[in-house]
Chemist: 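I have a structure I would like to understand better, so I am pasting it below and will then ask my questions one at a time.
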There are 2 protein chains.
Amino acid sequence: MAASVQTRRAGFRTTVVLYGLALAALVVALKYIEYRFLIRDLSVEVYIGVVAVLFTALGIWMGSKLLRRKQEEQVGVSHQVDEEALRRSGISGRELEVLQLMATGRSNQEIANQLFISLPTVKSHSSNLFMKLEVRRRTEAVHKAKSLGLIA
Amino acid sequence: MAASVQTRRAGFRTTVVLYGLALAALVVALKYIEYRFLIRDLSVEVYIGVVAVLFTALGIWMGSKLLRRKQEEQVGVSHQVDEEALRRSGISGRELEVLQLMATGRSNQEIANQLFISLPTVKSHSSNLFMKLEVRRRTEAVHKAKSLGLIA
DNA sequence: GAAGACGTCATCCTTTGGTATGGATCTGCT
DNA sequence: AGCAGATCCATACCAAAGGATGACGTCTTC
């Protein structure tokens with residue numbers, strides 16, 4: 001889970017660094033062309049065109065990198081569990097078990113039987129769960145948990 | 001349905017047209033600055049910097065537009081509603097509306113408010129719904145409906 | 001025009017869910 | 001040793017959900 005944070009930050013740094021390198025490389029390349037081939041009067045329009053196209057492409061690429069995670073959260077595209085979101089939510093192991101059974105439509109009593117605990121305990125867990133998810137009903141909890149990728 | 005395709009194509013055209021307009025506007029702006037203020041020797045690096053930043057931003061914006069469309073299409077395929085299953089289930093239009101709101105975590109009272117009908121009517125619909133889905137609770141109904149592809 | 005599906009609403013009753021509060025262990029960490 | 005968090009359980013109360021039953025009007029369909 002901590003590894004996930006590292007990976008994401010590293011990903012962001014990588015993107016920014018590559019962006020800077022691309023910009024530097026472009027300047028160098030233009031200068032090189034200018035002096036190497038003695039073409040001193042390349043029109044400004046040509047420069048603008050080249051730069052505009054290249055950096056539009058770069059922007060699209062960067063945007064897709066940076067926006068992907070956000071969109072996955074919104075739509076829940078990856079049916080995978082977001083470990084990082086799970087950690088951030090502060091939901092404990094037992095609470096998650098209750099949540100998962102809730103999501104399959106089990107009643108509190110059925111959850112209690114399945115986990116070999118009492119009904120009040122299930123209620124206790126679910127109440128804590130609702131607080132942490134900032135919801136008031138189990139259906140809302142399941143919906144939010146799915147959209148956040150806390151459960152599959 | 002057909003309207004949706006039209007909208008999408010129109011959206012794409014809009015994006016491309018705006019892109020071209022932005023490019024043209026930038027060239028005009030630079031020329032304007034160049035001749036209006038008699039600054040003939042603005043360094044190429046400045047041009048590159050301005051263009052790069054602007055078009056990177058433009059690229060990110062375009063990318064988000066295009067990516068979102070693509071992703072919506074993907075999601076539409078995977079999270080598609082099974083019309084046939086819906087027909088077989090015998091669920092009526094109003095019942096489906098109630099079911100969809102249930103799936104987002106709404107209470108019966110909230111559903112009643114949203115559909116401009118009374119609480120007993122919502123209960124009536126949901127009771128019929130549970131019979132047709134062969135379930136006993138709303139959470140179970142939502143879970144089964146999703147697995148059957150009755151709702152997205 | 002009778003039958004049936006649909007949508008609407010109501011009343012009464014039971015079950016389930018959720019909140020509040022408090023207490024008991026146990027474990028891991030400082 | 002002591003604290004924090006997790007897990008477990010209990011009681012009591014209130015809110016929401018669900019089941020049963022009946023009723024009424026509108027449509028479509030046969």
Side-chain angles (χ1 to χ4, degrees), chain A residues 1-2 81 83-148 150-151, chain B residues 81 83-148 150-151:
Chain A
M1 14 188 109
V81 175
E83 299 289 346
E84 166 60 13
L86 200 51
R87 191 199 56 73
R88 248 185 296 114
S89 71
I91 292 175
S92 73
R94 208 54 160 167
E95 286 162 0
L96 182 61
E97 289 186 74
V98 171
L99 177 59
Q100 287 165 338
L101 290 173
M102 260 184 198
T104 67
R106 303 281 178 276
S107 70
N108 284 339
Q109 186 59 63
E110 288 170 342
I111 295 172
N113 294 338
Q114 197 154 339
L115 297 181
F116 302 105
I117 58 182
S118 75
L119 178 59
T121 303
V122 175
K123 288 187 173 190
S124 171
H125 286 317
S126 56
S127 272
N128 293 330
L129 211 42
F130 298 158
M131 270 193 296
K132 291 176 182 177
L133 287 174
E134 297 175 295
V135 298
R136 310 183 66 79
R137 284 174 295 278
R138 54 178 42 227
T139 46
E140 211 181 342
V142 170
H143 185 245
K144 187 160 189 177
K146 285 201 176 187
S147 73
L148 291 176
L150 302 180
I151 55 180
Chain B
V81 174
E83 300 288 349
E84 170 59 15
L86 200 51
R87 194 197 53 74
R88 249 184 295 111
S89 70
I91 291 175
S92 73
R94 208 54 161 165
E95 286 162 359
L96 181 61
E97 289 185 76
V98 171
L99 177 58
Q100 287 166 337
L101 289 173
M102 261 184 197
T104 67
R106 303 280 178 277
S107 70
N108 284 339
Q109 186 59 62
E110 288 170 343
I111 295 172
N113 295 337
Q114 198 155 340
L115 296 182
F116 302 104
I117 57 182
S118 75
L119 179 59
T121 303
V122 175
K123 288 186 172 189
S124 170
H125 286 316
S126 56
S127 274
N128 294 331
L129 212 41
F130 298 157
M131 271 192 297
K132 291 176 180 176
L133 287 174
E134 297 176 294
V135 297
R136 310 182 67 77
R137 284 173 296 278
R138 55 176 45 226
T139 46
E140 211 180 343
V142 170
H143 185 245
K144 187 160 189 177
K146 284 201 176 187
S147 72
L148 291 176
L150 302 181
I151 54 179

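Sequence lines set the chain letters: A, B, ... in the order given, protein chains first and strands last, and positions in each chain run from 1.
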Chemist: When you get a sec, tell me which of D:dC9, C:dT8, C:dA10 is the closest nucleotide to the side chain of A:Thr121?
Modeler: D:dC9
Chemist: Which whole-number value in Å describes the distance from A:Arg136 CZ to D:dC14 P?
Modeler: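 Going from A:Arg136 (CZ) to D:dC14 (P), I get 17 Å.
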Chemist: Which residue lies toward the 5' end of DNA chain C, B:Leu119 or B:Ile91, if each is placed at its nearest nucleotide?
Modeler: B:Ile91
Chemist: Of the candidate nucleotides D:dG18, C:dG7, D:dT7, which contains the atom at the shortest distance from the side chain of B:Arg94?
Modeler: C:dG7
Chemist: Measuring from the side chain of B:Ser118 (C-beta onward, heavy atoms only), which nucleotide among C:dC6, C:dT19, C:dA10 has the closest atom?
Modeler: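 Nearest to the side-chain atoms of B:Ser118, counting from C-beta on, is C:dA10.
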Chemist: Quick check on DNA chain D: between B:Ser124 and B:Ser127, whose nearest nucleotide comes earlier from the 5' end?
Modeler: B:Ser127
Chemist: How many Å lie between NZ on B:Lys123 and C1' on C:dG17, as a whole number?
Modeler: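 Roughly 13 Å, once rounded to whole Å.
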Chemist: Which of the following nucleotides, C:dT8, D:dG18, D:dC8, is nearest to the side chain of A:Ile117?
Modeler: D:dC8
Chemist: For the side chain of B:Arg138, starting at C-beta, report the closest nucleotide among C:dG18, D:dA6, D:dA17.
Modeler: D:dA17
Chemist: Can you find a pair of side-chain heavy atoms, one from A:Glu97 and one from A:His125, that are under 4.5 Å apart?
Modeler: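 Not in contact.
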Chemist: Would you say A:Asn108 reaches C:dG17's phosphate, i.e. side-chain N/O to OP1/OP2 under 4.0 Å?
Modeler: yes
Chemist: The side chain of A:Ser107 lies closest to which of these nucleotides: D:dG18, C:dT16, D:dC8?
Modeler: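 Closest of the options to the side chain of A:Ser107: C:dT16.
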Chemist: Within this structure, what is the CZ-to-C1' distance between A:Arg87 and D:dG5, rounded to whole angstrom?
Modeler: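 Going from CZ in A:Arg87 over to C1' in D:dG5 covers 16 Å.
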Chemist: Among C:dA10, D:dG18, D:dT7, which nucleotide sits nearest the side chain of A:Ser92?
Modeler: D:dT7
Chemist: The side chain of B:Arg137 lies closest to which of these nucleotides: C:dT16, C:dT8, D:dA6?
Modeler: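 Comparing C:dT16, C:dT8, D:dA6 against the side chain of B:Arg137, the answer is C:dT16.
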Chemist: Do A:Leu115 and A:Arg94 have side chains that approach each other closer than 4.5 Å (heavy atoms only, starting at C-beta)?
Modeler: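 Side chain of A:Leu115 against side chain of A:Arg94, heavy atoms only: contact under 4.5 Å found.
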